[in-house]
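Worksheet for the structure shown next.
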Amino acid sequence: MPQPIPGLPVPEPCISFWQQTTRSFPHLNINRDEPVPTESAYVVIGSGISGALTTYELIEGGVPAEDITIIEAREAASGASSRNAGHVRPDAFRGFQVYRQLHGVDQALKIIANERTVLNKVHEFVEKHGVQCDFNPTTTFDVCLTQEFADFNAESFKQYEAAGGDVSHIKFYDGEEAWRVTRVGKAISAYEWPAGSSHPAKLAQWLLTQSVKKGVRLFTHCPVTSVAKSASSTASQTYWDLSTPRGITKASTVIHCTNAFAPYLLPHLSSFITPNRAQAHAFVPPAPLNSSNILPSTMSLRHTLKHFYSVAQRRPDGIIILGAPIANPVISPEAAASRLLPDDSFINEEVKEDAIRNFEECFPACEKAKLLHGEGLLHAWTGIVGMTADSVPFVGKIKSLPGQWICAGFNGHGMARIFTSAPGVAKLILGGSWADTGLPECFEITEERLERLQKGVTESVF
Ligand SMILES: Cc1cc2nc3c(=O)[nH]c(=O)nc-3n(C[C@H](O)[C@H](O)[C@H](O)COP(=O)(O)OP(=O)(O)OC[C@H]3O[C@@H](n4cnc5c(N)ncnc54)[C@H](O)[C@@H]3O)c2cc1C
């Protein structure tokens, strides 16, 4: 049995619903016993959606596929990308207040606009390429379950609109109307805007398959344990030696797509990217929520900014995916403390009970006593998200390490960010400017940003 290495993904994680339903993926364990190549011009570390899409975009940009190697610590795409709650859910305005404080009005507007762009890009991409990832373009509700959160959201909306943010696609429902549209009897108010859901593992696997077909070499179950300057570096060209249990690969371009685990190989980021456990659950619905009664929209059931649950009902099988952060303030401090363990091999029972209880309260037809045998909780799993000190990802060139790049730190929100961030880092690697990426400037990993964070500017939106 492989021994865990502190700071790296645990070698024997639990299996998510998405992984359970894709065990036949042919590249799941590809090259698991093969030595890594001694040289590769480009090495992408991590095979989640970030690593898979960066690779895809590099090839689209003209890099020969045979020049790229992806090295993955576990099964292909076995990190957060195959463990999330399936939501491609842009923030439409809620985070504006916090982003504004952290990054200023202009950047806060760009952060929100970027998420809408991501939804459109995912939608266009899966349609254009016929990606079979159960993508469901729909709308989503922010369901305000407390007056405190209704007031917070109203203030965010007001500030966002006043700053010039586009609210033309957002609908607001109050009181009885909010219950009617969301079917949540406890709703005080609700906001609705376009969003989507997908089978995230199928999306990541599709991307990896395209690259492998073209000649990319993917090595699974092969953690990169260090990246050190190669002795063969010259004054004009730096090479990096990537050590793994199956050999050393020398590369001139290294792209860290390791999300929560980025600090292991980039220790200077350890104060700025923190791994957090998150949990999701699959629920088989009873008759009031199946067949023609399926929930047409996804939702976030929100008590406070940090106490919330996501709900997305899948079209192909009606299974409801319930997401829950382990940082949830209503669970015991002992259970909450487990969120800091970067270990996705076990679930938190208290979080599971709480997520189901909250769902039953919002949808009383799902109370345990009313369910048939076979309905109700099907599965629960955990995954590790990478929280950053300023709530936005790190994208771009790591100036202190020439030839190394990063696309990581998605704050449990990568499905709404990676489809612009990964193409963005690929553009930069291919010689583009930051402006070419179209990303908010605050996503860039600059020395100034790291210095500012070092001084302690932190707040979480999630
Ligand atoms: C329970 C849960 C629910 C979530 N729900 C949502 C949601 O509904 N919507 C949303 O937008 N986001 C959600 N997220 C977050 C989302 O899944 C992530 O933001 C996204 O998947 C990050 O993708 P990634 O490719 O950057 O990282 P990952 O998918 O984590 O990929 C990183 C990969 O790097 C590998 N790796 C790490 N270190 C090394 C190393 N040294 N050597 C080799 N390989 C290494 C890992 O094994 C992993 O496969 C959720 C996450 C969880 C866990």
Sub-4.5 Å side-chain heavy-atom contact between [X] and [Y]:
X    : Y    : value
H307 : T146 : no
N29  : E75  : yes
W434 : L439 : yes

Can you list the residues that meet the ring pair (Phe, Tyr, Trp, His ring centres under 6.0 Å) rule with H199, with sequence neighbours excluded?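 Listed in chain order: W18.
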
How would you list, by chain and number, every residue that makes a salt bridge (Lys or Arg N to Asp or Glu O under 4.0 Å) with [X], sequence neighbours excluded?
X    : answer
K397 : none
D354 : R357
R449 : D390
R89  : D142

Contact summary for [X] and [Y], nearest pair of heavy atoms:
X    : Y    : answer
P11  : P4   : CD-CA, 3.6 Å
R315 : L295 : NH2-O, 3.1 Å
S421 : P393 : OG-CG, 4.3 Å
E12  : S345 : O-CB, 3.4 Å
W193 : P90  : NE1-O, 2.9 Å

Can you sort out the partners of [X] under side-chain contact (heavy atoms from CB on, under 4.5 Å), two or more places apart, ordered by chain and number?
X    : answer
P285 : L289, N290, Q313, I320
K186 : L145, V184, H303, E361
Q404 : V227, W240, V254, H256, L266, I398, L401
E448 : T446

What pairs meet the ring pair (Phe, Tyr, Trp, His ring centres under 6.0 Å) rule with one or both residues in residues 155-183, with sequence neighbours excluded? F93-F157, F96-Y160, F157-Y191, F172-Y191

Show me the pairs that pass ring pair (Phe, Tyr, Trp, His ring centres under 6.0 Å) and involve residues 266-299, at least two apart or across chains.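 Only F283-F359 qualify under ring pair (Phe, Tyr, Trp, His ring centres under 6.0 Å).
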
For residues 432-441, which residue pairs qualify under salt bridge (charged side-chain N to carboxylate O under 4.0 Å, His left out), counting only residues two or more places apart or in two chains? K110-E441

Is the shortest distance from a Lys or Arg side-chain nitrogen in R180 or E177 to a carboxylate oxygen in the other one below 4.0 Å?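 A salt bridge links R180 with E177.
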
Sole residue of F308, F141, Y309 in side chain to side chain contact (heavy atoms under 4.5 Å, CB included) with R302: F308

E176 atom CD: more than 12 heavy-atom contacts under 6.0 Å: no

Determine, for F149 and R94, whether the Lys NZ or Arg CZ falls below 6.0 Å from the six-membered ring centre while staying within 45 degrees of the axis. no

